[in-house]
Amino acid sequence: MSGAQHSGPRPATPKFPVKQMTILAMCRICEPIAFMSIFPYAYFMIKDFNITEDEAKIPVYAGMVTSAFAFAEFSSGVPWGRLSDRIGRKPVLLTGLAGTALSMLVFGFAPSLPVALLARALGGLLNGNIGVLQTTVAEMVTVKEHQPRAYTIMPFVWCLGSILGPMLGGALARPVMNYPALFAPGSIWERFPYLLPNLVCTFIVSIGVVVGILFLEETHAEKKYRRDPGLEAGKWILQKISSCKKSKKSGCEKDGHPCEVVSLLGEDEQPPGYRTSEGSPQLPSTPSPEPEEILDLNDCRPVSRSKPAVTKAFTRQVVLNIVGYGILAYHTITFDSMLPTFLSNPKDIPVDSVSLPFKFVGGYGLNTREIGVILSVQGLYSMIATVFIFPIVVRRIGALGLFRLLALSYPALYVVTPYLVLLPDTLRMVGVYIIVIWKCTFATMAYPSLAILLTNSAPSLLMLGTINGVAASTASLCRAIGPTVSGFLFTAGLSTGYSGLAWWCSAIICVGGAILSLSMSDKGGRMDPDEKSEEPELGFEDHVLDHNALDSAIAAAEPRTTYQDDEEIDNLI
């Protein structure tokens, strides 16, 4: 009987929002390019600041550079999430991009460590995109069947940026030293040897801001119907381009609305509850209560801001997912920050300092370009794993089963990594790439799995901005602590002869995350079909305040009207 009940609405399942996800991805890719570009040269930048003569202390300062961004992002994550609930997702996302551009520009001109730390902190304060981005994706994707696909797009984009960022940073850093024929000694490029990669990253991020202003649509349940001058300008530009390329558009000529056909925000690609005011003139062809319902909902919206609603948002499963997100962020950022330092350290291993299984010291002695290549390969493989491995595995064992499997297996990665320096010279690079592939496979599947669990555990989409803001702040705090703590442990390990100390401490943190994952559950979530069908469990207030429930009901009713066929709509118009 239950199968019969769910079979009715299936034809009304909305299409995947390909076009808007593409626009969001174009904005998103700018950040990993900028963020990852500093990793290949962070060790050498600290060394050029002449802070210390002891190279064993450089990892501490390199960790501080990474932590400065995360600490600042931690302090601003919740305010940005709440602000996105009030003013919308798009303004916050674009402000974050602009903050990233400004931060990179200041970082490129940094003459000392304090200025570099200030630049990174500035970027963290102005960037609230992590939580808001997750909220935007959740509001775009209104059906559970689309989640595996949707939650692989942003990690895929991050992986693509992880390829381009290290390549730019490694290739463009120290241009006078690496390309003396093009960059003369004594020029600004010698005074600021890390300016060039940051200038290029600033330009790329600026393009992302422009794309977002022109083509990114608001997804907030209340704010998506307001007038957007930037979006209108983008539609006008597309209309002009389309009219130049194709003079005859039968659909445009018949409807008299050319911008609706060429728009990146076409109605055929939008899920219920994700239509702009430009699309709303078509709605009167169906029964007209929708605009009236929207107005009524907006009038009642202040009720959803009450403290009890926010308190109810943080259920046991939401809290467990947030803590798990913080643990995952801690140990993954320690890996990302320690790996370049590990590869930069001198490769000589004093024979008298080796006392297996735990006492040994060594590195790889690679330069910025070699490290950049390794990090780019890491990003390339991450893209492959995100597109081809994660969707298959998550459909077979579910998001919870996958996350538990990864959490239980993660400690082995950190235990094994420091032993790479003991491999023979012919196998050392092979060992590095094996570890990189291992790490990428785990990371590309763990983050989207946990994002799905967190999104589905939220009681309502109206609270998701705050929930993701808290999750982002928690992750940022852990990312801030991680590089600094691991930097101190790395330095202490090198000084005492135990270079694996920092890695093994991260393994202990992973064990805590594995234990936590056993308490997580994916039952009774907001998007669980059984829960959604049990209407008595939802209060009247939940129905009134949930735009997505209203839009889903309207979408389910639309196929039963006489206007479901495009040709009939054209005839009516």
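- Counted within 6.0 Å of CZ on F488, heavy atoms from surrounding residues, nucleotides or ligands total 12 or fewer; the atom is thus considered open.
- For the pair R428 and Y364, the cation-pi test (distance below 6.0 Å, angle within 45°) is passed.
- The environment of OH in Y179 is crowded: more than 12 heavy-atom neighbours from other residues, nucleotides or ligands sit within 6.0 Å.
- Checked by atom type and distance alone, the side chain of S103 never pairs as donor or acceptor with a backbone atom of G99 at under 3.5 Å.
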Intermediate values then yes/no, ring-ring contact (aromatic ring centres under 6.0 Å, His included), Y498 and W504
CA-CA 10 Å; Y498 294 89; W504 299 328; 7.5 Å; no
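- Counting non-hydrogen atoms of other residues, nucleotides and ligands closer than 6.0 Å to CE of M26 gives a total of 12 or fewer.
- You'll find the side chain of L216 stays beyond 4.5 Å of the side chain of T136, heavy atoms only.
- Side chain to side chain, S506 and Y410 fail the donor-acceptor criterion of an N or O pair below 3.5 Å.
- The backbone N or O of L343 lies less than 3.5 Å from no partner atom in the side chain of Y43, so there is not a single donor-acceptor pair.
- In this model, no donor atom of one side chain and acceptor atom of the other lie less than 3.5 Å apart for T52 and Y61.
- Ring geometry for Y419 against F360 counts as tilted: the plane angle lies between 30° and 60°, on a 0 to 90° scale.
- Of the possible polar contacts, none joining the H331 side chain to the A507 backbone as a donor-acceptor pair under 3.5 Å is found.
- Other residues, nucleotides and ligands place more than 12 heavy atoms under 6.0 Å from the CE atom of M21.
- Other residues, nucleotides and ligands place no more than 12 heavy atoms under 6.0 Å from the CZ atom of F388.
- Expressed to the nearest 0.5 Å, how far OG of S486 lies from CD1 of I509 amounts to 11.0 Å.
- Checked against a 6.0 Å centroid threshold, the rings of F109 and F192 count as neighbours.
- Side-chain N or O atoms of E190 include none that pairs as donor or acceptor with a backbone N or O of A184 at under 3.5 Å.
- Two residues are said to be in side-chain contact when any heavy atoms from C-beta on lie closer than 4.5 Å; L450 and Y447 fail this criterion.
- Atom-to-atom distance recorded for I207:CD1 and I29:CD1 is 11.5 Å, nearest 0.5 angstrom.
- Applying the ring pair (Phe, Tyr, Trp, His ring centres under 6.0 Å) definition to pairs two or more places apart or across chains, none involves residues 84-107.
- Put simply, the side chain of L339 reaches to within 4.5 Å of the side chain of V436, judged on heavy atoms.
- Between the T417 side chain and the Y414 main chain, no donor and acceptor come within less than 3.5 Å of each other.
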For D228 and E218, what are the C-alpha separation, side-chain angles and deciding distance, and is it a side-chain contact (heavy atoms from CB on, under 4.5 Å)?
CA-CA 9 Å; D228 188 337; E218 180 60 62; 5.6 Å; no
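- Considering OH of Y330 and CD1 of I481, their distance stands at 7.5 Å, rounded to 0.5 Å.
- Taking CZ of F403 as the start and OH of Y325 as the end, the distance is 11.0 Å to the nearest 0.5 Å.
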